[in-house]
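Here's the structure, in structure tokens; my notes come after.
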Amino acid sequence: MTTYDNPGQFLDGYAEILADAAPTGRRLTRDELNSRRELGARAAASGHGWRVLVREHLVAGRAARPASADPDSVLTVIEQAMDAFADGYERAQRLVVRQEEAARREFIDDLLHGRGDSGHLAARAERFGLRLSRVHAVAVAEGPAKYDETDPVPRRVEDALFGRFENRRILFTTKDGRMVCIAPGDQGEVLTHFAKQAHAATEGGQVAIGRPRSGAVGIGHSYEEALNALDVAQRMGFDDPLLRAADLLVFPVLARDRQALVDLVRSTLSPLEQARGGPQPLLDTLTTYFDAGCVAAETARRLALSVRALTYRLDRIHTLTGTNPADPTHRYTLQTAVIGARLLDWPGRPL
């Protein structure tokens, strides 16, 4: 057995302290207590378990106790020595935990934002339970509040996730106030369960899942897709608890050429600004009309209007814009412009 593997090395000077202090029952000196703390810290850094170290102290204490010393004095010295040793051990453990957490946060930031060498990321990923050679998908949960890993909501979601999928290669964290889960792309049930738990724990929050992607760069792309899906949902007024980036691909395509989208909205919808009360009521009418599958009766019901009043609004839109919502040849341009207005937050934000 090497010296490193021997827990007895962390009892250096313990027998001498016991032999000197126990006969008189004196308190340990500052130097004696500091020596115990230093040995406790070294024991923690070396990875030795607390149970083994306690047993070694008790065995050594029994062997080294002076025969003439009062038992209470012996126990008092052992108590002081072990208390100082435990203090050093616990401080070192807290430092290791903080360092480990800092390394974990740095790795997650590099992974989600695509920073660092792929090979180095892959080596670090194994330490945190991921195999970057596999395809992964990222889910992001957003609630009414911002969370970090010390909050009860993320802890509850994490416990539920790992309680069911204990042996899966999953990474759970919080970032920018949201909860993030990374899982193998062929294990959709993991992210679906995460979404269900996050929605319940946040009392109605939304969860977006990016498309499965390969490699370290792919995880970053999947994460960005999930964030974009949440942004699109907010702009478009989608209240679905679960959003899949694959189902919303048309929106980033439309938003990719912002200037073209601005031109489309301006040329198609800006005439609505001439309407009494501004463009918003007519824009809301178009949004509801398209969401209702262009069925007039259903649109009127959703807007709490008569069909006649709805028809008047649609005619007014036709008159102002020159495009007829009921005409299939005009409908695609008009509907695309309405989607663009929602993505651009028009008319609330000037074009």
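- Arg301 and Glu298 are joined by a salt bridge, as a carboxylate oxygen and a charged side-chain nitrogen come within less than 4.0 angstrom of each other.
- A salt bridge links Arg26 with Glu32: the closest approach of a Lys/Arg side-chain nitrogen to an acidic carboxylate oxygen falls below 4.0 angstrom.
- Classified by interplanar angle (parallel below 30°, tilted 30° to 60°, perpendicular above 60°), the ring pair Tyr89/Trp50 is tilted.
- Here the side chains of Pro325 and Ile317 are in contact, with some heavy-atom distance below 4.5 Å.
- A donor-acceptor pair under 3.5 Å is absent between the side-chain atoms of His136 and the main chain of Leu132, judged by distance alone.
- Other residues, nucleotides and ligands place more than 12 heavy atoms under 6.0 Å from the CZ atom of Arg213.
- In Glu273, the CD atom is crowded: over 12 heavy atoms of neighbouring residues, nucleotides or ligands sit closer than 6.0 Å.
- Note that CG of Leu261 is 9.5 Å distant from CD1 of Ile339, once rounded to the nearest 0.5 Å.
- Note that CG of Leu11 and CD of Gln9 are 10.0 Å apart. Values are rounded to the nearest 0.5 Å.
- Side-chain N or O atoms of Ser267 include one that pairs as donor or acceptor with a backbone N or O of Leu264 at under 3.5 Å.
- Classification of Asp186 and Arg134 as a salt-bridged pair holds, one side-chain N sitting under 4.0 Å from a carboxylate O.
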Is there a salt bridge (charged side-chain N to carboxylate O under 4.0 Å, His left out) between Asp109 and Lys175? Walk through the geometry before answering.
CA-CA 9 Å; Asp109 285 343; Lys175 182 165 179 59; 2.7 Å; yes
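- In this structure, the side chain of Arg244 does not engage the main chain of Gly210 through any donor-acceptor pair within 3.5 Å.
- In this structure a side-chain-to-backbone donor-acceptor pair under 3.5 Å is missing from Glu142 to Arg178.
- For residues 238-292, the set of pairs meeting the ring-ring contact (aromatic ring centres under 6.0 Å, His included) definition, not counting sequence neighbours, comprises Phe238-Phe251.
- Applying the ring pair (Phe, Tyr, Trp, His ring centres under 6.0 Å) test to Phe107 and every residue at least two apart in sequence or in another chain returns Phe128.
- Judged by distance alone, the side chain of Thr173 and the main-chain N or O of Val180 form no donor-acceptor pair under 3.5 Å.
- Between the CD atom in Glu158 and the SG atom in Cys181 there is a gap of 9.5 Å [rounded to 0.5 Å].
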Decide side chain to side chain donor-acceptor pair (under 3.5 Å) for Arg27 and Thr76; before the verdict, give the C-alpha distance in whole Å, the side-chain angles of both, and the deciding distance to 0.1 Å.
CA-CA 8 Å; Arg27 294 194 60 79; Thr76 298; over 6 Å; no
Taking it one step at a time, do Glu38 and Asn34 satisfy side chain to side chain donor-acceptor pair (under 3.5 Å)?
CA-CA 6 Å; Glu38 181 181 346; Asn34 286 339; over 6 Å; no
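- Residues Leu112 and Ile182 meet the side-chain proximity criterion, which asks for heavy atoms closer than 4.5 Å.
- Thr299 contributes a side-chain N or O that, together with a main-chain N or O of Val295, makes up a donor-acceptor pair within less than 3.5 Å.
- The pair Arg266-Asp263 meets the salt-bridge criterion, since a charged nitrogen lies less than 4.0 angstrom from a carboxylate oxygen.
- Looking at heavy atoms from C-beta onward, Thr321 lies out of side-chain contact with Ser270 at the 4.5 angstrom threshold.
- When hydrophobic clusters are built by joining Ile, Leu, Val, Met, Phe, Trp and Tyr residues whose side-chain heavy atoms come closer than 4.5 Å, directly or via intermediates, Leu171 is not grouped with Met179.
- Thr174 places no side-chain N or O within 3.5 Å of a backbone atom of Gly177 that could act as its donor or acceptor partner.
- Between the side chains of Thr150 and Asp148, at least one donor-acceptor pair of N or O atoms lies under 3.5 Å.
- Salt-bridge formation is detected for the pair Asp231/Arg235: a Lys NZ or Arg NE/NH1/NH2 atom is positioned less than 4.0 Å from an Asp or Glu carboxylate oxygen.
- Contacts of Asp12 classified as salt bridge (Lys or Arg N to Asp or Glu O under 4.0 Å), with partners at least two apart in sequence or in another chain: none.
- Asn6 contributes a side-chain N or O that, together with a main-chain N or O of Gly8, makes up a donor-acceptor pair within less than 3.5 Å.
- Judged by distance alone, with hydrogens and angles left aside, the side-chain atoms of His330 form a donor-acceptor pair with the main-chain N or O of Asn324 at under 3.5 Å.
- Note that the CZ atom of Arg316 and the CZ atom of Arg313 stand 12.5 Å from one another [nearest 0.5 Å].
- Taking a cutoff of 4.0 Å between a charged side-chain nitrogen and a carboxylate oxygen, Arg91 and Asp87 qualify as a salt bridge.
- Residue Val140 comes nearest to Ala226 through the heavy atom pair CG2-CB, 3.7 Å, listed as atom of the first residue, atom of the second, then distance.
- When every heavy atom of Pro281 is checked against every heavy atom of Gly278, the shortest pair comes out as CD-O, 3.5 Å.
- For the atom pair CZ (Arg30) and CG (Leu28), the distance works out to 13.5 Å, reported to the nearest 0.5 Å.
- Judged by distance alone, the side chain of Ser46 and the main-chain N or O of Arg42 form a donor-acceptor pair under 3.5 Å.
- Contact check for Val265 versus Val262: no side-chain heavy atoms found under the 4.5 Å cut-off.
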Take Arg36 and Asp83 through the salt bridge (charged side-chain N to carboxylate O under 4.0 Å, His left out) test and state the conclusion after the steps.
CA-CA 9 Å; Arg36 297 307 96 196; Asp83 185 62; over 6 Å; no
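- The structure places CG of Asn228 at 12.0 Å from CG of Leu243, a figure rounded to the nearest 0.5 Å.
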